[in-house]
Amino acid sequence: MKSYNVVAAVVCDAGEYLCVQRGQTRYGYTAYKYEFPGGKVEQGETEEHALLRELLEEMDYPVTIERKLCDLHHEYPDFAVTLHFYLCHPTDTEHPRRFRLNEHISACWLPACAMSSLPWVAADLPLIELLQKTSAS
C-alpha cells in the first residue's frame with residue numbers, strides 16, 4: 001500500500017478554523033470532503049517548509065506556524081497517510097482571511113464546536129475531536 005507523509009495547517013483566526021473542501025478526486029471517500037489545507041512533504045524538505053510551500057501553492061496564503069499539534073496515521077482502502085498537524089495563524093493581520101482557492105472548491109471558517117457539521121476526510125476526524133475537547137475545557 002502506498003503511504004504519504006503529509007503536513008496540514010490548522011489555521012486559526014479569531015477563534016475559528018479554516019476548513020477547505022476538496023473537489024472531485026480519484027477516490028469517492030475523499031471527494032468533496034473538507035480537510036485542513038496542506039500537502040505532501042517532498043524529499044529533503046522539512047515539515048514546516050513543506051507546509052508553508054503548500055499553502056502558497058494551493059492558496060497563495062502566507063501563514064505563521066505557531067507549533068505542532070500532533071501526528072496521526074490513517075489507512076484508507078487504497079493508501080495510507082501520516083499527517084503532521086500544525087497550528088498556524090494568518091500572516092496578514094489586516095486581511096487574515098484573504099486567500100485564493102487554487103486546489104479546493106470551497107472554504108469556510110468555523111469554531112471547533114461546529115466543525116462536525118461538515119463532511120470531513122476520515123484522516124482529519126481525530127484532530128477535530130481533539131480541537132473540540134481542548135476548546136470545551
Side-chain angles (χ1 to χ4, degrees):
M1 179 180 293
K2 194 118 173 110
S3 185
Y4 299 99
N5 196 29
V6 175
V7 286
V10 181
V11 184
C12 186
D13 176 54
E16 294 184 324
Y17 296 93
L18 176 60
C19 313
V20 293
Q21 186 181 25
R22 301 171 67 110
Q24 178 61 49
T25 65
R26 183 182 334 173
Y27 307 110
Y29 49 83
T30 61
Y32 304 106
K33 302 281 184 166
Y34 280 83
E35 67 182 357
F36 294 102
K40 295 179 192 126
V41 179
E42 303 293 339
Q43 185 82 23
E45 193 175 42
T46 66
E47 292 173 6
E48 293 87 347
H49 181 267
L51 187 61
L52 297 174
R53 175 187 54 74
E54 286 284 349
L55 266 66
L56 287 174
E57 287 175 6
E58 291 186 358
M59 304 176 66
D60 194 24
Y61 194 41
V63 298
T64 301
I65 298 172
E66 181 180 321
R67 64 185 165 87
K68 185 180 242 187
L69 292 172
C70 66
D71 297 322
L72 296 170
H73 184 78
H74 185 80
E75 292 189 8
Y76 287 104
D78 302 284
F79 63 95
V81 290
T82 299
L83 286 153
H84 310 282
F85 291 97
Y86 285 85
L87 180 62
C88 301
H89 301 281
T91 301
D92 184 348
T93 54
E94 281 196 38
H95 306 287
R97 299 185 182 198
R98 182 183 293 170
F99 51 81
R100 179 175 46 244
L101 294 177
N102 298 325
E103 300 287 327
H104 297 89
I105 61 170
S106 182
C108 63
W109 293 84
L110 292 174
C113 63
M115 291 176 137
S116 297
S117 66
L118 299 176
W120 286 85
V121 293
D124 287 4
L125 292 175
L127 183 73
I128 292 166
E129 290 176 20
L130 176 68
L131 292 173
Q132 290 173 337
K133 283 179 189 167
T134 56
S135 69
S137 55

Quick check against the 3.5 Å criterion: does [X] have a side-chain atom that pairs as donor or acceptor with the backbone of [Y]?
X	Y	value
Asp124	Tyr34	no
Thr91	Pro62	yes
Glu75	Ala80	no

Value rounded to 0.5 Å, distance of [atom1] in [X] from [atom2] in [Y]:
X	Y	atom1	atom2	result
Leu118	Cys19	CG	SG	5.5 Å
Asn5	Lys40	CG	NZ	11.5 Å
Glu48	His84	CD	NE2	10.0 Å
Glu35	Gln21	CD	CD	10.0 Å
Tyr32	Arg22	OH	CZ	11.5 Å
Tyr29	Asp78	OH	CG	3.5 Å

Which atoms form the tightest heavy-atom contact between [X] and [Y], and what is the distance?
X	Y	value
Leu72	Ala123	CD1-O, 4.2 Å
Cys12	Pro90	O-CD, 3.4 Å
His73	Ser3	CE1-OG, 4.5 Å
Met115	Trp120	O-NE1, 2.8 Å
Gly38	Glu54	O-OE1, 3.7 Å
Tyr17	Pro111	CD1-C, 4.5 Å

What's in the same ILVMFWY side-chain cluster as Leu55, cut-off under 4.5 Å, chained through other members?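 Besides Leu55, the hydrophobic cluster comprises Val7, Val11, Leu18, Val20, Val41, Leu51, Leu52, Met59, Tyr61, Val63, Ile65, Tyr86, Phe99, Leu101, Trp109, listed by chain and residue number.
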Report the residues that fulfil side chain to side chain contact (heavy atoms under 4.5 Å, CB included) with Thr93, sequence neighbours left out, ordered by chain and then residue number.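 Once residues adjacent in sequence are excluded, Thr93 has no partner under the side chain to side chain contact (heavy atoms under 4.5 Å, CB included) criterion.
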With a 4.5 Å heavy-atom cut-off, do Glu57 and Glu103 have their side chains touching?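 Side chain of Glu57 against side chain of Glu103, heavy atoms only: no contact under 4.5 Å found.
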Identify whether Val6 and Leu56 are in the same connected component of the hydrophobic contact network (ILVMFWY, side-chain heavy atoms under 4.5 Å).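 No, Val6 does not connect to Leu56 through the hydrophobic network.
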Out of curiosity, does Val121 fall in the hydrophobic cluster containing Ile105 (side-chain heavy atoms, cut-off under 4.5 Å, transitive links)? no
Sequence neighbours excluded, which residues qualify as salt bridge (Lys or Arg N to Asp or Glu O under 4.0 Å) partners of Asp92?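 Result, salt bridge (Lys or Arg N to Asp or Glu O under 4.0 Å) vs Asp92: none returned.
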Could you tell me if the ring centre of Tyr76 sits under 6.0 Å from that of Tyr27?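 Centroid distance Tyr76-Tyr27: not below 6.0 Å, so no.
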